[in-house]
Enquirer: 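This structure is in C-alpha cells; I'll ask about it shortly.
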Amino acid sequence: MNKNPIRKVGILATSVLTFSAAYSQQKPNIIYIIADDLGYADLGFYTQTKIETPNIDQLAREGIRFTQHYSGSPVSAPSRCVLLTGKHSGHAYIRGNDEMPERGNVWSHAAMLADSTLEGQRPLPAATVTIPKLLKKAGYTTAMIGKWGLGYPGSEGTPNKMGFDFFYGYNCQRQAHTYYPPFLYRNEHREYLQNKLLPAHTPLDKGADPMLESSYDKFTQKQYAPDLLLKEILSFVDQQKTNPFLLMWTTTVPHVPLQAPQKWIDYYVKKFGDEKPYTGDSGYFPTRYPHATYAAMISYFDEQIGELVAELERLGIYDNTLIIFTSDNGPTFNGGADSPWFDSAHPFKSEQGWGKTSLREGGIRVPMIAAWHGKINPGTTTDHISAFWDVMPTFAQIAGVKDNVSDGISFLPTLLGKKQKQHKYLYWEFPENEGSKAIRMGNWKGYIPNYKKGDRKMELYDLSKDPREQKNIANEHPKIVKKLQKMMNEAHEKPSVAKFDME
C-alpha cells in the first residue's frame, strides 16, 4: 500500500483569472521549492516509473508543467547564485563551487566543528541585488530554509545579509554532506543538535558484514535534518499567514549521502527487492539498499510537500500562494546514486559526464512545476524556454517592484496563459573540470567542452531531433555555429573572481 497519500483537492474548471484579480485582497505569497540534484525525470509527472511522487504530481495537475526549463549551472553554488541574482553564468559573480581552501583545512568536518570560519563557500558581495532584497521593498517577509552555500558564517554573504529575514539550515554545502549534522544555523548562529560528528565518507566498521542492515546503524542518528526543516517551514507560514511572504525551501534532498527514514526504505525494499549494498567506494556514506534509499528520499520529500500544502489549505492561504517546484541541476553519479537505473534525466542521458557537472541537457534541464489555484489553468504544459535567471523578474512583477538588474524575462505571462516574450538565447559557462560553455537558441544547442585546454570548436545539436546530443551536426550548419559563437562572446563578461576565468 502506498504510504504517501495524495491530497484531495478540487481542481478548478474555470478559466484563468486576470492578473489584476490576483490582487483583490493582498499580494500573493510565493513559495519556491528547490530540490538538490533531482533529475529531470525523477518525478512521476516527468515519466518516472520507479519512484512515487503523488503530491508533486498533484501540483502539476493543479498547475503548469514546464518542459524546457533550465537551471543556472550544473552544480550547486553557481546555480543558486544565478537564481538569487538573476544573472546568468556569463555575468554572475559565483560561476563554480568555491570552497576557498586558502582559509585552511576546509574539508575536515572536525576542524569546521571547532572553527566556524572554515565553513561555507565564497560569499556574494554585500551590494548584490537579490530576489529577497527586491521583495522586501514590496512589503514581503522573506525566509530561506534549507541549504545556502553562498557565503561562510560571518561573511558579507550570509542569508540574513542577502535579504532573508529568517534563515534555518546548512550555511555550508560541505556540512550538508550528512543528513544527521551536529548543528544547523538559525540565522547567524549555530544551533547544536543531538547528533554526533560523523565525518563525510566514514566507512563501514572494519570486519562489518555489508549484507547486514545492522552494519549501517551508525549512519542513522537522532535528528534528521529534513524533519527539522519542515518544522520551521510550517512554523513560518503559520506566523506569516496574514502577511505576504517569500519562502525559499532549499532542501538537500536527494543529494547524497543516501539517508532516509526507515519506513520509506522498507517500502521500497519491498517494492524493488534485495539489491547489492553500496559500500562507499564512490564517496559519502555506505548504504545497505542504495536504490531503495534514493527513492525513499524523494518520496519522503514528496510527503513533506503534501504536508506543507495541507497546512496552507488549513490556514486558508493556499489560493493566494504561488508554489514553484524545481531542482538546482541534473542527477548525480556518485555516493551510491544510480541515475541510469532510474533513468533520472530521461529523455536525456543520465551517466557521469551527462548529468550533474555537465552542460549537457541532462545536467541543466530540470523539472519545473508551478501551481497557483485559480490563477493558472490546471493540468497545463508549456514548452516555453526559460531558466533560473527568469525567476527574479517573474517574482518582481508579481510583487510589483522594478527589476533593473537581471538577465531574465518574466514568465508570469506563461503562468497566466498570456502572450509570452521569448529569449533570443540562453547561455551558460562552467569553469570547473576542463571548463565548458553552452548556448541554446530555439532548438539549436551549441556546446564547447575542454575550454580550458584551448578547445574552441563548437558542437551543434538540433534538440528537436536529437535531445540526447548524440549527433554533432556543426559541419552541416557553419552559419548557425558562427552565429552562436558570436552570441557566446556577447554573453561573456570577464569574471571578478580569477578562479572562474577560463581564458
Side-chain angles (χ1 to χ4, degrees), residues 19-20 22-23 26-34 69-73 77-94 123-151 155-169 187 236-237 240 243-250 317 320-326 328 368 370 372 375 386-416 420-421 423 496:
F19 187 55
S20 60
Y23 290 104
Q26 68 173 45
K27 292 182 179 181
N29 307 309
I30 301 172
I31 297 178
Y32 188 86
I33 306 171
I34 180 169
H69 187 66
Y70 288 89
S71 66
S73 180
S79 192
R80 292 155 199 267
C81 173
V82 169
L83 169 68
L84 286 171
T85 66
K87 299 284 190 180
H88 65 60
S89 53
H91 296 156
Y93 181 76
I94 304 293
L124 291 171
T128 304
V129 178
T130 64
I131 290 174
K133 286 182 180 180
L134 282 182
L135 266 60
K136 281 173 68 67
K137 293 180 180 179
Y140 277 71
T141 303
T142 60
M144 174 177 281
I145 298 175
K147 186 175 86 170
W148 178 237
L150 293 171
S155 73
E156 61 187 13
T158 60
N160 295 118
K161 295 170 186 172
M162 284 293 117
F164 289 105
D165 296 308
F166 177 71
F167 171 73
Y168 183 80
N187 296 316
F236 176 79
V237 299
Q240 301 301 324
N243 304 303
F245 64 80
L246 166 70
L247 168 62
M248 302 193 83
W249 181 0
T250 56
I317 59 175
N320 196 43
T321 301
L322 167 63
I323 301 174
I324 293 180
F325 177 93
T326 190
D328 67 347
M368 188 173 86
W372 195 359
K375 317 299 186 298
S386 57
F388 271 22
W389 50 98
D390 295 329
V391 175
M392 175 181 276
T394 302
F395 289 1
Q397 187 177 5
I398 290 171
V401 293
K402 289 184 178 181
D403 159 34
N404 297 319
V405 298
S406 78
D407 295 317
I409 297 173
S410 170
F411 51 75
L412 180 61
T414 293
L415 299 183
L416 301 179
Q420 173 69 57
K421 182 180 179 181
H423 281 281
S496 301

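Each residue takes its place number in the sequence, starting with 1.
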Enquirer: May I ask you to test the Leu83-Tyr32 pair for a side-chain heavy-atom distance under 4.5 Å?
Expert: yes

Enquirer: Please list, chain by chain and in numerical order, all residues satisfying side-chain hydrogen bond (donor to acceptor under 3.5 Å, both in side chains) with Thr414, sequence neighbours excluded.
Expert: Gln420

Enquirer: Locate the shortest heavy-atom distance separating Ile409 from Thr394; write the atom from each residue and the value.
Expert: O-OG1, 4.3 Å

Enquirer: Please tell me if the side chains of Thr326 and Ile33 come closer than 4.5 Å, counting only heavy atoms from C-beta onward.
Expert: no

Enquirer: Are Leu412 and Leu415 packed together at the side-chain level, in the sense that at least one heavy-atom pair is separated by less than 4.5 angstrom?
Expert: yes

Enquirer: Within a strict 4.5 Å, meaning less than it, do heavy atoms of the Ile323 and Trp372 side chains meet?
Expert: no

Enquirer: Output the distance between atom CE (Met248) and atom CZ (Phe395), rounded to the nearest 0.5 Å.
Expert: 6.0 Å

Enquirer: side-chain hydrogen bond (donor to acceptor under 3.5 Å, both in side chains) with Ser155: which residues, sequence neighbours excluded?
Expert: none

Enquirer: Nearest heavy-atom pair of Ser410 and Pro413: which atoms, and what distance?
Expert: O-CD, 3.6 Å

Enquirer: Quick one: salt bridge (charged side-chain N to carboxylate O under 4.0 Å, His left out) partners of Lys87, sequence neighbours excluded?
Expert: none

Enquirer: Check side-chain hydrogen bond (donor to acceptor under 3.5 Å, both in side chains) between Asp165 and all other residues, then give those that pass, not counting sequence neighbours.
Expert: Lys136, Thr142

Enquirer: With rounding to the nearest 0.5 Å, note down the distance linking CZ in Phe411 to NZ in Lys421.
Expert: 15.5 Å

Enquirer: Using every non-hydrogen atom in the two residues, find where Lys133 and Lys161 come nearest and quote the distance to one decimal.
Expert: CE-O, 3.7 Å

Enquirer: Under the ring pair (Phe, Tyr, Trp, His ring centres under 6.0 Å) rule, collect the residues that match up with Tyr168, sequence neighbours excluded.
Expert: none

Enquirer: Suppose we screen for ring pair (Phe, Tyr, Trp, His ring centres under 6.0 Å). Which residues come up paired with Trp148, at least two apart in sequence or across chains?
Expert: none

Enquirer: Apply ring pair (Phe, Tyr, Trp, His ring centres under 6.0 Å) to Phe164 and list each qualifying residue two or more places apart in sequence or on a separate chain.
Expert: none

Enquirer: Kindly indicate whether the side chain of Pro132, heavy atoms from C-beta on, has any atom under 4.5 Å from the side chain of Met162.
Expert: no

Enquirer: Phe167: what forms a ring pair (Phe, Tyr, Trp, His ring centres under 6.0 Å) with it, not counting sequence neighbours?
Expert: none

Enquirer: Any heavy-atom pair between the side chains of Ile30 and Leu135 that's under 4.5 Å?
Expert: yes

Enquirer: Taking Asn29 as the fixed residue, which of Thr321, Asn320, Asn243, Thr141 is the one that meets the side-chain hydrogen bond (donor to acceptor under 3.5 Å, both in side chains) rule?
Expert: Thr321

Enquirer: Who pairs with Ala77 by side-chain contact (heavy atoms from CB on, under 4.5 Å), at least two apart in sequence or on another chain?
Expert: Ile94, Asn97, Leu150, Gln173

Enquirer: Kindly assign one of parallel, tilted or perpendicular to the pair His69 and Phe388, based on the angle between their ring planes and the thresholds 30° and 60°.
Expert: tilted

Enquirer: Mind checking what makes side-chain hydrogen bond (donor to acceptor under 3.5 Å, both in side chains) contact with Asn160, not counting sequence neighbours?
Expert: Asn187

Enquirer: Holding to salt bridge (charged side-chain N to carboxylate O under 4.0 Å, His left out), I want the full list of residues that pass it with Asp403, two or more places apart in sequence or in another chain.
Expert: none

Enquirer: Looking only at heavy atoms, which two atoms of Thr130 and Met392 are closest? And how far apart?
Expert: C-CE, 3.6 Å

Enquirer: Is there side-chain contact between Phe245 and Ile31, with at least one heavy-atom pair below 4.5 Å?
Expert: yes

Enquirer: Checking the side chain of Ser79 only, and the main-chain atoms of Gly72 only, is there a donor and an acceptor separated by less than 3.5 Å?
Expert: yes

Enquirer: Could you state the interatomic distance from CG (Asp407) to CH2 (Trp389), rounded to the nearest 0.5 Å?
Expert: 8.0 Å

Enquirer: For the atom pair OG (Ser406) and CG (Leu84), what is the distance rounded to the nearest 0.5 Å?
Expert: 12.5 Å

Enquirer: List the residues meeting side-chain contact (heavy atoms from CB on, under 4.5 Å) with Ala138, not counting sequence neighbours, and say none if there are none.
Expert: Lys27, Tyr140, Ala399, Val401

Enquirer: For Tyr93 and Pro123, work out which heavy atoms get closest and say how close.
Expert: CE2-O, 3.4 Å

Enquirer: Is the closest side-chain donor-acceptor distance between Asp390 and His423 under 3.5 Å?
Expert: yes

Enquirer: So, the side chain of Thr250 versus the backbone of Ile34: is there a donor-acceptor pair under 3.5 Å, distance only?
Expert: no

Enquirer: If only atom types and distance count, is the side chain of Thr128 paired as donor or acceptor with the main-chain N or O of Leu124 below 3.5 Å?
Expert: no

Enquirer: Quick one: do Thr85 and Val129 satisfy side chain to side chain contact (heavy atoms under 4.5 Å, CB included)? Show the steps, please.
Expert: CA-CA 6 Å; Thr85 66; Val129 178; over 6 Å; no

